[in-house]
Structures are given as structure tokens and as C-alpha cells.
Q: 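Quick one: structure below, then a few questions.
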Amino acid sequence: AGTAVVRAPVALDAQDREVKPKWVARGANWTIAAPGAVRIDPTYVFSSFSGSLSDNFGYTATYDLKGRTWLGGVAFGTQYPTQNGVQANFGGGGVDMVLMLFNPSGTGIISSTYLGGGGMEQPHSLRVAPNGDLVIKGITNSVNFPVSATAFDTSMAVNTGAGSQNGGGVSYSSATDLTLIRLDSTGTNLKASTFYGRLGFDGIQDPSLPHYGDPARGDLWVDSQGIWIASASRSRGMATWPLDTSRGGAVDGILAHFSPNLDSLRWATYVGGPDLDGLTSLIPTPTAQGVRLAVVGWTQGMGTLSGNAV
């Protein structure tokens with residue numbers, strides 16, 4: 001087992017004088033105590049440009065237990081800086097995912113890569129697995145998106161007649177699938193990748209949500225037992241069992257659990273009523289009955305859930 005170092009934040013009183021914070025144990029948890037402080041801010045470590053000459057912007061970021069920072073975004077062209085990654089060149093189609101791993105101080109890049117095919121991609125959420133692997137949840141409409149030979153789904157559900165859909169800064173002219181990708185801890189090896197979707201726009205929240213970027217919301221969790229995702233679907237006939245197997249409205253939330261190497265779907269369910277619904281965040285939560293999955297989402301009116309209650 002390694003050692004995780006968590007820096008104490010900066011604490012200030014009403015006159016902006018620094019108050020020394022300290023870590024306090026409360027049962028099995030640790031918290032910060034700073035008597036007299038009116039503001040507690042995180043410690044500034046670094047900020048950086050990506051160095052891309054092509055237009056690009058970020059969607060998500062995470063960290064690992066070595067103090068390194070992962071950035072997930074998109075690039076609109078061939079001039080994004082890459083090194084030591086799984087895909088050195090732009091895949092085409094107008095937009096690719098891009099992933100960048102910074103060292104703990106932000107003074108150097110360990111790896112940087114494109115990830116995409118001939119269509120368009122976005123990364124919506126990043127998590128680091130207990131062994132250090134990076135897991136990405138995103139969307140794609142590329143039939144040649146890189147997937148592993150043993151993936152749960154190796155073929156995209158192509159539907160060029162689905163119309164168009166705004167996906168949080170990118171307009172898709174053909175249906176999208178969710179995609180899950182697992183890279184090694186340095187971003188140099190694609191260990192597993194799969195499609196997950198049907199003939200609608202999957203992985204995109206309702207674009208009428210009020211804040212910029214809302215259509216690109218979604219989340220994942222990863223541990224040694226598997227990979228969980230929370231998102232949205234416009235498809236009927238998604239691979240779902242044993243709970244709610246039918247979509248209730250035009251957009252439903254989708255909740256799914258995959259094996260660690262993405263070769264099997266263990267269970268999945270729609271979550272929604274007759275109107276518009278979506279899921280945006282999830283986290284395992286300890287309870288008296290054991291660990292339960294806490295899920296957050298949005299709805300225009302759940303009504304009566306179809307199928308079994310979730």
C-alpha cells in the first residue's frame with residue numbers, strides 16, 4: 001500500500017489573516033478544523049494551458065494517489081500536442097477526445113493523446129481505478145472508434161437518420177453511443193474499450209437544461225469490482241436488465257454496471273417516467289445495510305416508473 005498526502009487548505013479570518021488549520025479525526029473520517037476562520041480555500045498547486053494550436057476546451061478532470069492530474073477535453077483539429085499516448089494523430093470528423101496527464105507540480109506532461117475515430121467524441125467523466133488505471137466515460141458517433149476485441153459491444157449502433165443533436169458544444173448529425181475506455185496509469189496503453197448504445201442519441205442530457213455544458217453531464221465510479229455509469233439515453237432497446245427495461249419518456253436516465261475489463265454488462269436499468277429525465281452523478285455510500293449506490297439526476301416529472309421500482 002502507498003501513502004496518500006492530502007494538503008491542508010488555507011484558512012482565513014474576517015480580516016483575511018491566516019488561521020492555522022488542522023486535521024481532526026471524527027470516527028472513521030477526517031475533517032479540517034480551523035477555529036475563527038470564515039473562509040477555507042484549497043491550496044493552489046498549479047494551472048496550465050494545454051499548448052494546443054487547434055481550438056480545444058475541457059470537460060472533466062481528476063487526480064490519482066501519486067498527486068498527478070488528468071485532463072479530459074476535446075480538440076477541433078490536428079494541432080494538439082501529443083506524446084507517449086495511445087493515439088498520436090487526430091482521428092478526423094471534426095472533434096476528438098484529448099487526454100493529458102500532468103506531473104504533480106504541473107511542470108511537465110507525462111502523456112498526452114487523442115482518442116477518436118472518423119466521427120466526433122467527447123469525454124464526460126474521468127475516474128482513477130484503485131490500481132491507477134484511468135477510466136473514461138464519453139460519447140462517440142465513430143464506427144471506427146478504438147474498442148477492444150473482447151469488449152461487451154464491439155460495434156456501434158449506426159443511425160444516420162436520427163436527425164441532429166447538440167451535445168454540449170458539439171452538434172452531432174448522427175446518433176451517438178456511450179463509450180467506456182480504460183487506459184493504464186501512464187496513458188500509454190489502451191487496456192479496454194466498449195460501445196454502449198442503440199439507435200438514438202445516448203450519453204447526451206436534454207439540451208434545454210439551463211447551464212452551458214449541461215448536455216455533457218454524467219458520471220462514473222470504478223473500483224476493483226467493476227465500473228458504474230450514470231447518464232441519459234434517447235434509445236429504445238438499450239441492453240438493460242433486470243429492473244426497468246423500457247424507456248419512459250423521450251429521454252431517460254441510464255444506470256449500468258460493467259465488469260472491470262469492460263467485457264460484460266452485469267446489469268443496467270432505465271430510470272425515468274413519462275417526461276424528460278437524466279442521471280448526472282453517482283457514488284457508493286456506506287449504510288447500515290452495507291454499501292449502496294447513491295445516484296443524483298434531474299427530472300421534468302417522474303410520474304410512475306415503468307417496470308420494477310429502482
Side-chain angles (χ1 to χ4, degrees), residues 46-129 131-142 144-148 151 167-170 176-195 203 213 216-222 227 229 231 261-262:
F46 78 89
S47 59
S48 176
F49 293 106
S50 69
S52 177
L53 296 179
S54 296
D55 285 346
N56 80 290
F57 53 89
Y59 281 80
T60 179
T62 193
Y63 60 91
D64 65 15
L65 292 180
K66 296 180 180 180
R68 305 179 305 181
T69 298
W70 279 101
L71 166 71
V74 295
F76 295 80
T78 62
Q79 294 179 294
Y80 189 87
T82 59
Q83 63 181 66
N84 306 323
V86 297
Q87 182 178 324
N89 298 316
F90 184 59
V95 185
D96 272 7
M97 292 188 199
V98 287
L99 301 160
M100 187 174 280
L101 176 60
F102 290 91
N103 67 17
S105 64
T107 57
I109 295 171
I110 297 169
S111 68
S112 179
T113 189
Y114 286 105
L115 193 58
M120 299 191 292
E121 287 78 29
Q122 295 173 343
H124 290 174
S125 187
L126 307 178
R127 293 277 187 180
V128 171
N131 72 341
D133 288 352
L134 178 72
V135 181
I136 306 114
K137 182 192 80 68
I139 59 173
T140 181
N141 65 355
S142 296
N144 63 338
F145 187 83
V147 294
S148 42
V170 176
T176 56
D177 272 11
L178 282 152
T179 182
L180 292 167
I181 308 103
R182 187 166 190 146
L183 304 182
D184 70 2
S185 62
T186 61
T188 59
N189 179 32
L190 193 152
K191 299 176 73 172
S193 177
T194 188
F195 293 109
R217 295 191 185 278
D219 202 2
L220 75 123
W221 183 264
V222 56
I227 298 166
I229 65 166
S231 189
N261 58 0
L262 299 173

Q: Do side-chain atoms of D96 reach the backbone of F90 as a donor and acceptor pair under 3.5 angstrom?
A: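 Not at all, since once roles are kept as given, no pair shorter than 3.5 Å links the two residues.
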Q: Look at the side chain of N141 and the backbone N and O of G119, then say whether any donor-acceptor pair between them is shorter than 3.5 Å.
A: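 No, because the side chain of N141 does not come within donor-acceptor range (under 3.5 Å) of the backbone of G119.
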Q: With side chains defined as the heavy atoms from C-beta onward, is the minimum distance between S52 and F76 less than 4.5 Å?
A: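 No; the side chains remain at least 4.5 Å from each other.
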Q: Is Q83 reaching over with its side chain to a backbone N or O of I109, donor-acceptor style, under 3.5 angstrom?
A: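 Such a contact is found between Q83 side chain and I109 backbone.
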Q: Who are the side chain to side chain donor-acceptor pair (under 3.5 Å) partners of T188, not counting sequence neighbours?
A: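 For T188 the side chain to side chain donor-acceptor pair (under 3.5 Å) partners, ignoring immediate neighbours, are D184, T186.
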Q: Under 3.5 Å, is there a donor-acceptor pair between the side chain of T113 and the main chain of Q87?
A: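 It does hold such a pair.
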Q: Any donor and acceptor pair, going by atom type alone, linking the side chain of S193 with main-chain N or O of P146 inside 3.5 Å?
A: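 Yes, because the side chain of S193 sits within donor-acceptor range (under 3.5 Å) of the backbone of P146.
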Q: Could you give all pairs that pass the side-chain hydrogen bond (donor to acceptor under 3.5 Å, both in side chains) test and reach residues 99-108, with sequence neighbours left out?
A: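 Passing the test, one end in residues 99-108: N103-S105, N103-T107, S105-T107.
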Q: Under the ring pair (Phe, Tyr, Trp, His ring centres under 6.0 Å) test, which residues partner F46, sequence neighbours left out?
A: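 Expected list: F102.
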Q: Counting distance only, does the side-chain N/O of Y80 pair as donor-acceptor with the main-chain N or O of V74 below 3.5 Å?
A: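 Looks like no, no N/O pair under 3.5 Å.
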Q: When you measure from the side chain of T179 to the backbone of I139, do you find a donor-acceptor pair of N or O atoms at a distance under 3.5 Å?
A: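 No, T179 side chain to I139 backbone: no donor-acceptor pair under 3.5 Å.
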Q: For S125 and G218, work out which heavy atoms get closest and say how close.
A: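 In terms of heavy atoms, the two residues are closest at CB-O, 3.7 Å.
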Q: Under the 3.5 angstrom rule, does the side chain of R127 hit a backbone N or O of I227 as a donor-acceptor pair?
A: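 Checking the backbone N and O of I227 against the side chain of R127, no donor-acceptor pair under 3.5 Å is found.
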Q: Nearest 0.5 Å, please: how far is OH in Y63 from CG in L126?
A: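 It is 12.5 Å, given to the nearest 0.5 Å.
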Q: Quick check against the 3.5 Å criterion: does S148 have a side-chain atom that pairs as donor or acceptor with the backbone of A192?
A: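 A pair under 3.5 Å: no.
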Q: Measure the spacing between CD1 of I181 and CE of M97 and express it to the nearest 0.5 Å.
A: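 It comes to 4.0 Å.
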